Amino acid sequence: MTMKTYIHQPVNYGVKSMSRTVYVNGNYVPEEQATVSVFDRGFLFADAVYEVTSVLGGKLIAFDGHAKRLERSLRELQMDAPCTMDELKEIHHEMVARNDLVEGLIYLQVTRGAADRDFAFPKDTKPTIVLFTQAKNLTNSPTADAGIKVISIPDIRWGRRDIKTVQLLAPSLGKMEAKAAGADDAWLVEDGFVTEGTSNNAYIVTKNGTIVTRNLSTDILHGITRAAVLRLAAEAQIKIEERPFTVDEVKDAAEAFFTSASAFVCPVIEIDGCPIGTGTPGPVANRLRDIYLQEALKTAT
Ligand code: PMP
């Protein structure tokens, strides 16, 4: 495998020997003092949505896409927004500054708020909003260099995967099952077709060079990275088919990869113990990773 050179070489990812600053309901507080109520519906009902935005060079990647998806998730659940999306962007920038974050992630969660426990939505609760940062080397990724191994498992999640809720126990169990099987992640299968990865969108590249990824519906999360990568692939004259594909098609593919806001584009080299293509990261995935990173850095805010 050739050594890769990266466009972005941060010297420090926001080294955190000290406590982080966390945002909770209008206040920036040390993480030890960041708390929410035990009556919060995020805790009791997973009645909450979230977003994860990457930070490169101290700038936000694709913030507007994440803000739009958050608004949609809130709307689908008839949940109030805790602030405007402009205010939310300000808070993200403030979190980058207060945590000296150069490279890593900003996690944002909004819940319906705290109220006495009742399945029916309470009236007039104030949404809870929490943000925290995670310093992380995203661009120099040994995982992306090596590619990952996946297993296929049944998709046991609920039917509205297009809403980015914090109901993440099924994906968490899937990830644990993958690790127990000596793999890195699981691709979820429903009615014979791959939906997506536990926390990412899934793709194959056929032997004739076409990218195949599942079409948007309520079956999968509408990835912000997916939208950008498909646009960039089309601009690079790569043929795209948005349709469901089977595990047999993955085994027969020239390459496979996944996308997410934190991993960007990452090759998948094996499924259920079968090497995909040459069993090493493929040229299409590597090229798309490079193109995506260049574009992300250019358009970061
Ligand atoms: N699908 C699922 C189930 C996910 O959890 C994620 C990441 N949150 C994605 C896809 C990728 O979405 P994005 O590119 O917006 O991170």
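Computation of the quantities below employed the complete heavy-atom set of this structure, encompassing side-chain atoms and omitting hydrogens, waters and symmetry-equivalent molecules. When a ligand or atom number is given, it counts from 1 through the structure's own listing order. None of these values were measured; they are calculated from a predicted model.
The contact shell of ligand 1, taken as protein residues with any non-hydrogen atom closer than 4.0 angstrom, comprises Y50, R69, R157, K164, E196, T198, S199, N200, N201, L221, G223, I224, T225, T259, S260, A261.
I61 is not listed as a side-chain neighbour of I224, based on a closest heavy-atom distance of 4.5 Å or more.
The six-membered or imidazole ring of Y50 lies near that of Y107, with a centre-to-centre distance under 6.0 Å.
Residues forming a salt bridge (Lys or Arg N to Asp or Glu O under 4.0 Å) with D80 (at least two apart in sequence, or on another chain): none.
Ring-plane geometry between H92 and F63 is classed as perpendicular, the angle between the planes exceeding 60 degrees on a 0 to 90 degree scale with a lower cut at 30.
Through direct or relayed side-chain contacts under 4.5 Å between Ile, Leu, Val, Met, Phe, Trp and Tyr, L188 connects to I151, I153.
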Could you tabulate the donor-acceptor pairs under 3.5 Å formed by side-chain atoms of residues 267-280, not counting sequence neighbours?
unit_1	atom_1	unit_2	atom_2	d
D272	OD1	S152	N	2.7
D272	OD1	S152	OG	3.4
D272	OD2	S152	OG	2.6
T278	OG1	T280	N	3.3
T278	OG1	T280	OG1	2.7

